[in-house]
Amino acid sequence: MKSLPDAAGYFGNFGGRFVPETLINALGELERAYSSFRKDRAMKRELDGLLGRYAGRPTPVYFAENLSRETGAEIYLKREDLLHTGAHKLNNSLGQGLLARFMGKKRLIAETGAGQHGVATATVAALLGMECSVYMGSADMARQAPNVARMRLLGAEVVPVESGSRTLKDAINGALRDWVKNVRSTHYLLGSVVGPHPFPMIVRDFQSVIGIEARGQMRKLCGGDPDYVVACVGGGSNAAGIFAGYAEAAKTKLIGIEAGGYGSGPGEHSAKLRRGRRGVLHGCITYLLQDAECQVLPVHSVSAGLDYPAVGPEHSYFKEMGIVEYAECRDKDALAACLALSRREGIIPALESSHALGYVIRHRKKFKGARVLVNLSGRGDKDMDILMKELSL
């Protein structure tokens, strides 16, 4: 898997580059720049330095002793919630921010759903002295108001998107339209392992620090690899990051958890790998939720970061090749897991991460006696209004 994607940007049958003519040259420029950037020792030192001294890496692996006793599994948490800005998103935003400066770009644009990628991009723009515009669906702006305020405080323009479902898919559309108009001066800092080549590769590479760290930490803590690695999957960046560390670990089973929402009908879930089919969205071939006429279906999750109708092409490849098992977690189980972790361990997780943990708790018989590493991709500050309402607190 280390050789993927291929030269054309494909992970097996998935990936590629399906974009307007105006973006072909920009993507070619980005691919060439990234190839030079990753070989530049000075750039690597600067990125490593920022990840350590600014972002707070390495993030710890924590043994959740109380929750483990209750469930019968050994549950370990990779604490990406402790990273500066509160989620794994900063790993990629720092990397791409430096890449944008390396390319001579002066402005960053981004899309965001839960707001964590928007906050991370606004943070990096402030650090590097760049202009920043973040596109966010107005529905997500309403339910993630704390992150909207953080982005504005950091100096970013938050652009509300009123089209479509007014969520992450539509925010990506807005950012792409901006990039088409301003491609010479602007870098589109895409936040997940989606979109046209080389974005899925770039984001995975910058997020792979999660899995590389975690594997060494688990071996030091436990003397070996975990039996399972579990991560939530929206677009799929946190999962791609932690799975990258275990790609060659034959005895470790990888499980990606999608949002099961509150039902099985159209618009009631976000489980594209489990219920979708192959198609093209946002510049690549991948699994997505679509109707018989190939129109993108609406999606639902209690967590804004999982409200996306497609998934990164590498995850589609993982599914097709049987490398990763993909399953679902319903809203109610994610909320129960959030409450359990808060009250058993004193850790309030993001609702996205709660889906991964919710699956483990719901299926505790499957994991009984096993060593399970869950990627806790973000903290729950942004979700407090939703949690207070949904849990009647």
Side-chain angles (χ1 to χ4, degrees), residues 23 26-27 29-30 33-34 37 43 46-47 50-51 54-56 83-138 140-142 144-163 166-195 198-199 202-203 206-207 235 237 282 304-305 308 378 381-382:
L23 290 181
L27 289 166
E29 176 195 19
L30 178 60
Y34 179 61
F37 178 90
M43 287 291 95
E46 185 172 6
L47 177 57
L50 286 171
L51 288 171
Y54 183 75
L83 200 68
H84 178 43
T85 73
H88 71 290
K89 293 294 188 180
L90 190 61
N91 300 317
N92 170 59
S93 292
L94 278 172
Q96 283 203 57
L98 292 178
L99 175 59
R101 190 187 67 185
F102 184 77
M103 297 171 68
K105 306 293 183 179
K106 305 294 184 183
R107 177 174 177 258
L108 300 177
I109 57 172
E111 85 298 331
T112 197
Q116 289 300 130
H117 175 58
V119 169
T121 301
T123 298
V124 170
L127 178 68
L128 300 180
M130 294 181 169
E131 294 179 42
C132 181
S133 296
V134 179
Y135 287 81
M136 191 172 190
S138 59
D140 287 339
M141 289 180 70
Q144 302 284 248
N147 275 342
V148 174
R150 292 169 76 193
M151 285 183 269
R152 288 174 173 159
L153 181 61
L154 288 161
E157 174 193 22
V158 183
V159 183
V161 178
E162 300 290 353
S163 60
R166 300 176 295 124
T167 55
L168 182 57
K169 171 180 70 72
D170 313 292
I172 293 176
N173 290 337
L176 283 169
R177 284 192 290 268
D178 186 317
W179 198 30
V180 168
K181 294 177 184 176
N182 302 289
V183 69
R184 290 189 177 181
S185 63
T186 298
H187 173 65
Y188 179 14
L189 205 162
L190 190 55
S192 196
V193 286
V194 300
F199 281 116
I202 290 173
V203 179
F206 285 138
Q207 292 293 1
S237 64
H282 293 143
Y308 184 60
D381 306 35
K382 66 185 178 60

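The analysis underlying the following values was restricted to heavy atoms, covering all of them including side chains, and did not include hydrogens, waters or symmetry mates.
Between R107 and D178 there is a salt bridge, since at least one side-chain N of the basic residue sits less than 4.0 Å from a carboxylate O of the acidic one.
Among pairs with a residue in residues 84-103, those fulfilling ring-ring contact (aromatic ring centres under 6.0 Å, His included) read F37-F102, Y54-H84, at least two apart in sequence or across chains.
By the 4.5 Å heavy-atom criterion applied to side chains, V194 and V203 are not counted as neighbours. Counting heavy atoms from C-beta outward, V161 and E111 have side chains that stay 4.5 Å or more apart. Within the 4.5 Å cutoff, side-chain heavy atoms of S138 are placed close to those of E162. For the pair Y135/N173, no side-chain contact is recorded, criterion being any heavy-atom separation below 4.5 Å from C-beta on. In this structure the side chain of L50 reaches within 4.5 angstrom of the side chain of L98, judged on heavy atoms. No side-chain heavy atom of R166 sits less than 4.5 Å from a side-chain heavy atom of P160. Side-chain contact check for K89 versus V119: every heavy-atom pair is 4.5 Å or farther apart. For the pair I172/Y188, a side-chain contact is recorded, criterion being any heavy-atom separation below 4.5 Å from C-beta on.
Across all non-hydrogen atoms, the minimal contact from K105 to V183 is NZ-O, 3.0 Å. Closest approach of M103 and A33 over heavy atoms only: CG-CB, 3.5 Å. E131 and A125 get closest at one heavy-atom pair: O-CB, 4.3 Å. For the pair S192 and S237, the tightest heavy-atom approach, listed with the atom from each and the gap, is OG-N, 3.5 Å. Taking all atoms of both residues into account, the shortest heavy-atom contact from Q144 to A114 is OE1-O, 3.0 Å. In this structure, A171 and G137 approach most closely via the heavy-atom pair CB-N, 4.0 Å.
For the pair K382 (side chain) and Q116 (backbone), a donor-acceptor distance under 3.5 Å is absent. No donor-acceptor distance shorter than 3.5 angstrom exists from the side chain of R101 to the backbone of M130, with no hydrogens or angles considered. Listed for the H117 side chain is a donor-acceptor partner under 3.5 Å among the backbone atoms of L189.
The OG1 atom of T167 lies 13.5 Å from the CE atom of M141; values are rounded to the nearest 0.5 Å. To the nearest 0.5 Å, atoms CG (L154) and CZ (R150) are separated by 7.5 Å. How far OG of S93 is from CG of L128: 10.5 Å, rounded to the nearest 0.5 Å. The CG atom of N91 sits 9.0 Å away from atom OG1 of T85, with the distance rounded to the nearest 0.5 Å. In this structure, T121 OG1 and I109 CD1 are separated by 10.5 Å, a value rounded to the nearest 0.5 Å. Rounded to the nearest 0.5 Å, atoms OG1 (T123) and CG (L94) are 8.5 Å apart.
Side-chain contact annotation: Q96 with N92, donor-acceptor N/O pair under 3.5 Å present.
Aromatic ring pairs are classed by plane angle as parallel below 30°, tilted from 30° to 60° and perpendicular above 60°; the pair Y34 and F206 is perpendicular.
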side-chain contact (heavy atoms from CB on, under 4.5 Å) assessment of K106 paired with S185
CA-CA 6 Å; K106 305 294 184 183; S185 63; 5.5 Å; no
Begin with the C-alpha distance, continue with both residues' side-chain angles, and end with the deciding distance and a verdict on side-chain contact (heavy atoms from CB on, under 4.5 Å) for L30 and L99.
CA-CA 9 Å; L30 178 60; L99 175 59; 3.8 Å; yes
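Contacts of K169 classified as salt bridge (Lys or Arg N to Asp or Glu O under 4.0 Å), with partners at least two apart in sequence or in another chain: none.
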